[in-house]
Amino acid sequence: MPLFGAAGVADMNEKYPFQDIEPKWQQFWSEQGVFTVDTSRHEKKYYCLTMFPYPSGTMHVGHGRNYIIGDAITRYKMVRGFRVLSPMGWDAFGLPAENAAKQRGVHPKEWTYNNIRQMKRQLQSWGIAYDWNREIATCHPDYYKWTQWVFLKLHERGLAYQKNAPVNWCDYCTTLANEEVLADGTCERCGRTVHKKDLTQWFFRITEYAAKLLDDLALLDKWPEKVRTMQSNWIGRSEGARVEFTVAETGAPCPVFTTRPDTIYGVTFMALAPEHPLVEKLLLGNPRAAEIRTFIEKQKMVSAAERTDDATRKEGVFTGYHVRNPYNGELAPLWITNYVLMEYGTGAVMAVPAHDQRDFDFARTYGLPVKIVIQNPEGTLQAPSMKVAYVEDGPMVQSGPFDGRGNREAMHDVIQLAVDRGFGEFTTHYRIRDWLISRQRYWGAPIPIIHCESCGAVPVPEKDLPVLLPDDVDFKTERGNPLSFHEEFIRAQCPRCGKPARRETDTLAQWLCSCWYYLRYVNPRMTDAPFSRKDVDYWLPVDQYIGGIEHAVLHLLYSRFILKVLHDNGNCSFREPFGALFTQGMICKRSEKDGQLYKMSKSKGNVVSPDELIREYGADTVRLYTLFIGPPEKDAEWNDDAVEGAFRFLRRIWRRVYETRELLLSSRELKPDLDRMDPPERDLYRKLHESIAKITHDLEGAFQFNTAIAQIMELMNALDDLKVESTSSDQRRAVYREAIESLVVLISPFAPHIAEELWVELGHQPSVLSAVWPEVNPKALARDEVEIVIQVNGKIRGREIIPTRLSPKEIESNVLARDAVKALVAGLTVRKVVVVPGKLVNIVAAG
RNA sequence: GCCCGGGUGGUGAAAUGGCAGACACAAGGGACUUAAAAUCCCUUAUCCGCAAGGGUGUGUGGGUUCGACUCCCACCCCGGGCACCA
């Protein structure tokens, strides 16, 4: 143990030398392999996972919250005797690396690995506990080989397919997300005009898992309600009916999906999406063709920004055709409109202006009829005078056999009628769409597909993985994806027929890389498989997953999807990747420019660097403040002044141990004895055990680090109240020592460096992680007397000390017999007395 | 518009339906010091009062209850997410 002197005690001085002790203990943890995990079976395992970061450069203290919370949980569980798997890695593929390459000529690989080095150094300087032997980077061939393998598994199961999809296209930057297109229709980065382009792209059939993903949310009882609700809304199940309308003039089918079949007798027109396949047929020989084409072309030109604009007016064009309503044989004009989406349902909406606001707005604009089929309870609805659609319930009218029935009650029978007559069925629709995983980018895992003229899109055989991303690409190319100009990469042989073929140049979305990384950490260096089924079945689901709320839907839903596919493929036996989820709030800071509160970010110029703070106050201070700032699930405002307070608190603990070191060492063998304590000793001893109870509760439940730390501060205040010196009685010194020693263990998950140092100072062998978490002595909590509040009619009127052993009945008579209480109720008639033992007595009295 | 959060001192916040403001930060006063820093002590929701004491107070208005920051109803404000979803 070279780090310590002969007595096992490091140099100690009055100043709290965090500059010395923090690097020392970080080195100790690393050299001793304290966080190196043996993943073989163990009686208590715990997998604590913090979302891995995108290596964007350097981190600010807002990023730190994530890792500090995860580390506090990891260290707490270790002290509680768990074997904790706490790994870290890098979500290392992504756009910023490629932008850096284009702008500054740095290779994305170099840029990424430089950032990884920076951020790893920061994590280590925070003293975060990771098993770095398990470090992974998704851009490393040993990792993305298996990301490609995941793609192949989905492909084998028919869950990966190609289809055309329109994208925002910039000639220089390739495909853009909606948010990257500015309001004026230009590219955010290079300013070129963005246009719509149809591209053949790869999709995952996540819609096939919609029902499972929705139903299994019920299993996730340790997830925040909020996240489950968001996922449920995103998947968006709606029950309804599919009904076959037909184009009256041509007999062509025109099916619709509706959640309101009860309004079907009120259809007064049919609304098609501009992209609806029927539209082309209706244009043939159509005298209105020119007008219709103009409308459709105009809709195609509408930018993403405009489409999402609230103010967009409902517009449409009449096709000249009609549809026949199979329920009543009525004809309704067929329109093409801008408010119907091809992506949802069948791309055709049966419009019922009387009972749907959007249809109502459209009908009023174009003078289409409004037919009431659900009356209000008063029976006063009249189509000409309606100002808004009537969307409430009521009796059905003008609805053939259903007249007079309640619309909700009749819903089922309406659909049943269509089933019986063969023109409709019960169906469920989901809002979620298939997942687009193609990226027209260089810095990603190549999609393992070879396009052959005769065999089509052929998957690369597993034995040929990984499909390596070439290093020598030309980033100065002015157009598109550099991979698509790399002849050597593109040239391939069809794995099926052996003829020359073309390699796919799209890469996989980085989302996919982060969908399965939690499995890889269990067997990070395995070469013949991504992970071992036996090992992941033991270590997963993740016991505690920690990350930002911004991933509530995409990352967390995609991960659940991929895991379910792997489960169905026989690769693991559990159905959900993350057993418990904790989402922390953002750290905000007031902007110096405008005084407003913003999420900490470089662009807002309100970032606080951890490096400087660690230099000035030490990592333990930054950690303690970050955890103390407020409830971890809520957003919090960073306050530089308050950091100082955390520092002062740690220094106070340090100084107290320093000032009483002789006494602490000389009392090592003493044991506190409740029966021999005097009142001040008894008070500290009680405070200690109350603190153990409170802190343990806060860490076992909802991770209330802020109140746990407040309790440690209270314990410290109580310690200051007890006078001790080397000549104090054995009992006093024993109580004092137990309180200090427990405090060091209790604070160790939050401020581990100082805890390690003081633990050794108290005469123990390192590490404090092998200490035993203090246990509550129930006898210490007991009190003989307690002060209770006396209320009269709910108002506080006095306080009385009473023995704790009294029953509620005895408390009542005891209290009422006291002079002070008699005076309070003098002249009043006592009607009722409410007794809450240990808290209060409320006397209900009237004059 | 819809969905999900949230409104408590100068600030961050705490509180199973039971003493609102624990624990801190900031501020003010004091001790120590030649001085400063550091440290320690005191005050600190608000109004009336010298004080004892009393009134008011958890976004607003109602309700339930012996008792409401907490539960119910309506409304206002702030934050986040989604959005022509049939």
Side-chain angles (χ1 to χ4, degrees), chain A residues 14-15 224-230 232-234 236 238 240-241 256-261 263 271 273 307-315 337-341 343-352 355-359 361-362 429-433 549-550 552-553 583 585-586 588 590 597 599 624-625 628-631 633-646 648-649 651-652 655 694 704 706-717 720 787-799 831-845:
Chain A
E14 189 181 2
K15 284 198 179 146
E225 181 71 42
K226 181 160 83 162
V227 175
R228 283 186 288 158
T229 307
M230 283 165 85
S232 166
N233 292 343
W234 185 268
S238 49
V256 299
F257 170 71
T258 180
T259 54
R260 292 297 305 277
T263 66
R307 265 191 284 115
T308 54
D309 191 339
D310 266 352
T312 302
R313 278 190 37 238
K314 287 173 182 50
E315 290 176 37
T337 69
N338 64 343
Y339 74 94
V340 175
L341 299 180
E343 290 88 351
Y344 190 82
T346 62
V349 170
M350 55 170 235
V352 185
H355 306 295
D356 181 283
Q357 191 57 43
R358 288 157 307 164
D359 298 345
D361 293 343
F362 191 86
H429 257 277
Y430 294 93
R431 177 187 171 277
I432 190 171
R433 293 173 210 161
I549 187 70
E550 66 273 21
V553 176
T583 54
M586 292 178 301
C588 305
R590 240 161 250 293
L597 201 60
K599 170 184 171 179
L624 194 72
Y625 173 63
F628 187 62
I629 195 167
E633 71 281 5
K634 292 214 301 196
D635 290 352
E637 182 184 342
W638 186 270
N639 178 351
D640 288 321
D641 286 335
V643 176
E644 178 96 26
R648 282 202 297 257
F649 180 65
R651 191 170 55 185
R652 198 171 134 211
R655 205 171 276 160
K694 167 72 175 156
Q704 299 174 62
N706 55 327
T707 50
I709 291 167
Q711 188 67 41
I712 295 178
M713 290 172 171
E714 283 194 50
L715 176 58
M716 191 64 199
N717 291 344
D720 280 352
E787 185 185 73
I788 60 162
V789 164
I790 309 299
Q791 294 185 333
V792 176
N793 293 329
K795 298 225 179 227
I796 297 164
R797 284 294 178 266
R799 289 158 204 282
R831 294 262 160 82
K832 182 176 174 182
V833 179
V834 180
V835 177
V836 183
K839 303 264 183 185
L840 57 76
V841 171
N842 185 14
I843 301 162
V844 186

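All values derive from a computational prediction rather than experimental measurement.
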* Structure fact -> Mate of B:A24 across any strand shown (Watson-Crick or G-U wobble, both atom pairs under 3.5 Å) is B:U11
* Quick check: does any side chain N or O of A:Asp359 sit under 3.5 Å from a backbone N or O of A:Val352, one acting as donor and the other as acceptor? -> yes
* Could you state the CG-P distance from A:Asn233 to B:C3, rounded to the nearest angstrom? -> 9 Å
* Phosphate contact (B:C19 OP1 or OP2) by A:Arg797 side-chain N/O below 4.0 Å -> no
* Would you say a side-chain N or O of A:Lys832 is under 4.0 Å from OP1 or OP2 of B:C66? -> yes
* Would you indicate what A:Glu644 reaches in the nucleic acid, counting non-hydrogen atoms under 4.0 angstrom: base, sugar-phosphate, or nothing? => nothing
* Structure fact -> Taking B:U56, B:C82, B:A86 as options, the one with an atom nearest any side-chain atom of A:Lys795 is B:U56
* Asked: Which heavy atom of A:Phe257 sits nearest a heavy atom of A:Ser238, and at what distance?
  -> CZ-O, 3.7 Å
* **Gap between atom NZ of A:Lys634 and atom CG of A:Asn706 - 0.5 Å precision** => 9.5 Å
* **Whole-Å gap separating C1' (B:A13) and CG (A:Asn706)** => 8 Å
* Any strand is fair game: report the nucleotide pairing with B:U39 by Watson-Crick or G-U wobble, both distances under 3.5 Å, or none. => B:A31
* **Atom pair distance, as rounded to whole Å: CE in A:Met716 and P in B:C23** => 15 Å
* Minimum-distance nucleotide to A:Arg652 side chain [options: B:C40, B:G12, B:C85] -> B:C40
* Asked: In whole Å, what separates the C1' atom of B:A20 from that of B:A14?
  -> 9 Å
* To do: May I have the distance from A:Met230 (atom CE) to B:A83 (atom P), rounded to whole angstrom?
  => 11 Å
* Heavy-atom side-chain contact between A:Arg260 and A:Thr263 under 4.5 Å -> yes
* Please confirm whether any donor atom in the side chain of A:Arg831 sits under 3.5 Å from an acceptor in the base of B:C66, or the reverse. => no
* Structure fact -> Closest to the 5' end of RNA chain B, once A:Val836 and A:Ser238 are matched to their nearest nucleotides, is A:Val836
* To do: Could you tell me whether a side-chain N or O of A:Arg799 sits under 3.5 Å from a main-chain N or O of A:Ile788, the two making a donor and an acceptor?
  => no
* Asked: How long is the line joining CD1 of A:Ile788 and P of B:C66, in whole Å?
  -> 20 Å
* **P-based separation of B:C50 from B:C66 [nearest Å]** => 40 Å
* **Whole angstrom value for the distance that separates C1' of B:C25 from CD1 of A:Ile709** => 15 Å
* Asked: Hey, is the side chain of A:Arg431 poking within less than 4.0 Å of OP1 or OP2 on B:C3, counting only N and O atoms?
  -> no
* Structure fact -> Side-chain contact check for A:Val340: nearest option of B:A15, B:C3, B:A86 is B:A86
* Determine which nucleotide pairs with B:G67, using a 3.5 Å limit on both distances of a Watson-Crick or G-U wobble pair. => none
* **A:Glu714, nearest nucleotide to its side chain (from B:C19, B:C23, B:U39)** => B:C23
* Asked: Where does B:G9 land, syn or anti, once you apply the within-90°-of-0 test for syn?
  -> syn
* Asked: When you compare B:U58 with B:A13, how far apart are their C1' atoms, in angstrom units rounded to a whole number?
  -> 13 Å
* In Å and rounded to the nearest 0.5 Å, what is the NZ to CD distance from A:Lys694 to A:Gln704? -> 6.0 Å
* Closest to the A:Ile629 side chain: B:G12, B:A38, B:C85? -> B:G12
* **Nearest-angstrom distance, C1' atom, B:G57 to B:U46** => 7 Å
* Give one of base, sugar-phosphate or nothing for A:Asp641, where a contact means two heavy atoms less than 4.0 Å apart. => sugar-phosphate
* Has A:Arg648 got a side-chain N or O lying under 4.0 Å from the OP1 or OP2 atom of B:A24? -> no
* To do: Remember a base hit wins even if backbone is also touched, and classify A:Val349 as base, sugar-phosphate or nothing at under 4.0 Å, heavy atoms.
  => base
* Scan side-chain atoms only and decide if A:Asn717 and A:Arg652 contain a donor-acceptor pair under the 3.5 Å cut-off. => yes
* **Residue matched to B:U16 through Watson-Crick or wobble contacts both under 3.5 angstrom** => none
* Please report, rounded to the nearest Å, how far the P atom of B:C23 is from the CZ atom of A:Phe628. => 10 Å
* Is any side-chain nitrogen or oxygen of A:Asn639 closer than 4.0 Å to OP1 or OP2 of B:A13? -> no
* A:Lys634 has an atom NZ; how far is it from atom C1' of B:U8, in whole Å? -> 10 Å
* Can you tell me how far C1' in B:C48 sits from the matching atom in B:C42, rounded to whole Å? -> 24 Å
* **Same-atom distance (C1') from B:U43 to B:G9, integer angstrom** => 15 Å
* Report the nucleotide, chosen from B:C85, B:A13, B:A20, that has the shortest atom-to-atom distance to any side-chain atom of A:Ile796. => B:A20
* To do: May I ask you to say what A:Gly236 touches in the nucleic acid, namely base, sugar-phosphate or nothing, with a heavy-atom cut-off under 4.0 Å?
  => nothing
* To do: Test A:Asn639 against A:Glu637 for side-chain contact (heavy atoms from CB on, under 4.5 Å), laying out the working first.
  => CA-CA 6 Å; A:Asn639 178 351; A:Glu637 182 184 342; 5.7 Å; no
* Want to settle it: does A:Gln704 or A:Ala710 sit nearer the 5' end of RNA chain B, counting the closest nucleotide to each? -> A:Gln704
* A:Arg228 vs B:C4: side-chain N/O to OP1/OP2 distance below 4.0 Å -> no
* Is B:G79 paired to anything, Watson-Crick or G-U wobble with both distances less than 3.5 Å, and if yes, which nucleotide? -> B:C4
* How far, in whole Å, is B:A26 from B:A38 if one measures between their P atoms? -> 10 Å
* To do: Using the C1' atom as the reference point in each nucleotide, state the distance between B:G12 and B:G6 in Å, no decimals.
  => 15 Å
* To do: Name the pairing partner of B:A45, where a pair is Watson-Crick or G-U wobble with both distances under 3.5 Å, or state none.
  => B:U56
